[in-house]
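See below for the structure under consideration.
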Amino acid sequence: MNSVKKSNDLLRLFIELKQVMIRENENNWIRGVNLIIEALSPPEYGGKGSADEAVRYVENTYRNMVSGNGSLSDFFIWRDDFDDRVKANKELDRIKADIWTLIDN
């Protein structure tokens, strides 16, 4: 996959992740997600210069954001109703899995 397509696909996923975070009133990790969105946005790629450099930046940044206790990997959606909680987290888990699939390829 070329870096422009990969950056566009990652951008779409991080925008989805941002929408989930906004909906859930998350105000910590969304700052990192916003920086990633900026880095993936053409034509400037957040000052990174190219889609290739932006993708490398995003891969490193996201890996740092999800590593360790208390990281983005611990973020989940709470609902009092168990079935609602499972449904809400399925969307979040799908987005995160799709991001990892792109990062790992």
Side-chain angles (χ1 to χ4, degrees):
M1 173 182 304
N2 72 44
S3 57
V4 172
K5 176 161 178 26
K6 189 172 187 176
S7 70
N8 287 337
D9 291 347
L10 283 167
L11 177 59
R12 177 185 52 79
L13 289 168
F14 277 102
I15 288 171
E16 284 184 57
L17 181 58
K18 178 181 176 177
Q19 290 168 344
V20 168
M21 290 179 161
I22 288 170
R23 194 170 57 236
E24 299 304 318
N25 296 314
E26 199 296 316
N27 58 16
N28 181 32
W29 293 109
I30 199 166
R31 292 177 292 180
V33 170
N34 282 331
L35 289 173
I36 286 174
I37 289 170
E38 181 183 335
L40 292 169
S41 297
E44 302 297 324
Y45 295 103
K48 304 297 179 240
S50 69
D52 189 51
E53 289 296 319
V55 167
R56 274 198 290 272
Y57 166 81
V58 168
E59 290 170 347
N60 290 329
T61 300
Y62 189 70
R63 286 181 198 282
N64 287 331
M65 287 174 65
V66 298
S67 63
N69 291 332
S71 68
L72 179 59
S73 64
D74 292 340
F75 176 70
F76 70 98
I77 299 169
W78 177 260
R79 298 282 185 274
D80 288 333
D81 181 80
F82 178 78
D83 292 334
D84 290 344
R85 185 168 57 243
V86 168
K87 182 179 176 184
N89 280 287
K90 276 187 181 179
E91 176 189 15
L92 175 63
D93 292 343
R94 179 204 46 87
I95 293 167
K96 292 191 313 187
D98 289 350
I99 288 170
W100 273 121
T101 297
L102 285 172
I103 285 176
D104 287 338
N105 289 325

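Just so it is clear, the model here is predicted, and its values are computed rather than measured.
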- Can you pull the ring pair (Phe, Tyr, Trp, His ring centres under 6.0 Å) pairs that have at least one residue in residues 2-41, sequence neighbours excluded? F14-Y62
Euclidean distance, [Y] [atom2] relative to [X] [atom1], rounded to 0.5 Å:
| X | Y | atom1 | atom2 | answer |
| --- | --- | --- | --- | --- |
| L10 | I15 | CG | CD1 | 11.0 Å |
| I30 | L35 | CD1 | CG | 11.0 Å |
| T101 | L13 | OG1 | CG | 9.0 Å |

Name all residues meeting the side chain to side chain contact (heavy atoms under 4.5 Å, CB included) criterion together with [X]; count only those two or more places apart in sequence or in a different chain, and write none if there are none.
| X | result |
| --- | --- |
| A51 | S3, V4, S7, Y45 |
| N28 | E26, R31 |
| N64 | none |

- Residues that F75 engages under ring-ring contact (aromatic ring centres under 6.0 Å, His included), provided they are two or more places apart: none
Report yes or no: do [X] and [Y] belong to one cluster of Ile/Leu/Val/Met/Phe/Trp/Tyr joined by side chain heavy-atom distances under 4.5 Å?
| X | Y | result |
| --- | --- | --- |
| I95 | V86 | no |
| V20 | W100 | yes |
| V33 | F76 | no |

- Task: Can you tell me which residue pairs pass the salt bridge (Lys or Arg N to Asp or Glu O under 4.0 Å) test with a partner in residues 36-52, sequence neighbours excluded?
- Result: D52-R56
- Query: Which residue pairs pass the salt bridge (Lys or Arg N to Asp or Glu O under 4.0 Å) test when at least one of the two sits in residues 57-67, sequence neighbours left out?
  - Reply: K6-E59, R63-D104
- If every non-hydrogen atom of E24 is compared with every non-hydrogen atom of I77, which pair is closest and at what distance? OE1-CG2, 3.4 Å
- Please report the closest heavy-atom contact between L40 and L11, naming both atoms and the distance. CD1-N, 3.6 Å
- Message: Just to verify, what does N2 make a side-chain hydrogen bond (donor to acceptor under 3.5 Å, both in side chains) with, not counting sequence neighbours?
- Response: none
- Under the side-chain hydrogen bond (donor to acceptor under 3.5 Å, both in side chains) rule, collect the residues that match up with N27, sequence neighbours excluded. none
- Sub-3.5 Å donor-acceptor pair from the side chain of R85 to the main-chain atoms of R79, do we have one? yes
- Query: Any side-chain heavy atom of I36 sitting closer than 4.5 Å to one from M65?
  - Reply: yes
- According to the side chain to side chain donor-acceptor pair (under 3.5 Å) rule, which pairs have a member within residues 65-75, sequence neighbours left out? S71-S73
- Quick one: which residue pairs count as a side chain to side chain donor-acceptor pair (under 3.5 Å) with a foot in residues 10-20, not counting sequence neighbours? R12-E16, E16-R94, K18-N34
- Query: How would you list, by chain and number, every residue that makes a salt bridge (Lys or Arg N to Asp or Glu O under 4.0 Å) with K5, sequence neighbours excluded?
  - Reply: D9
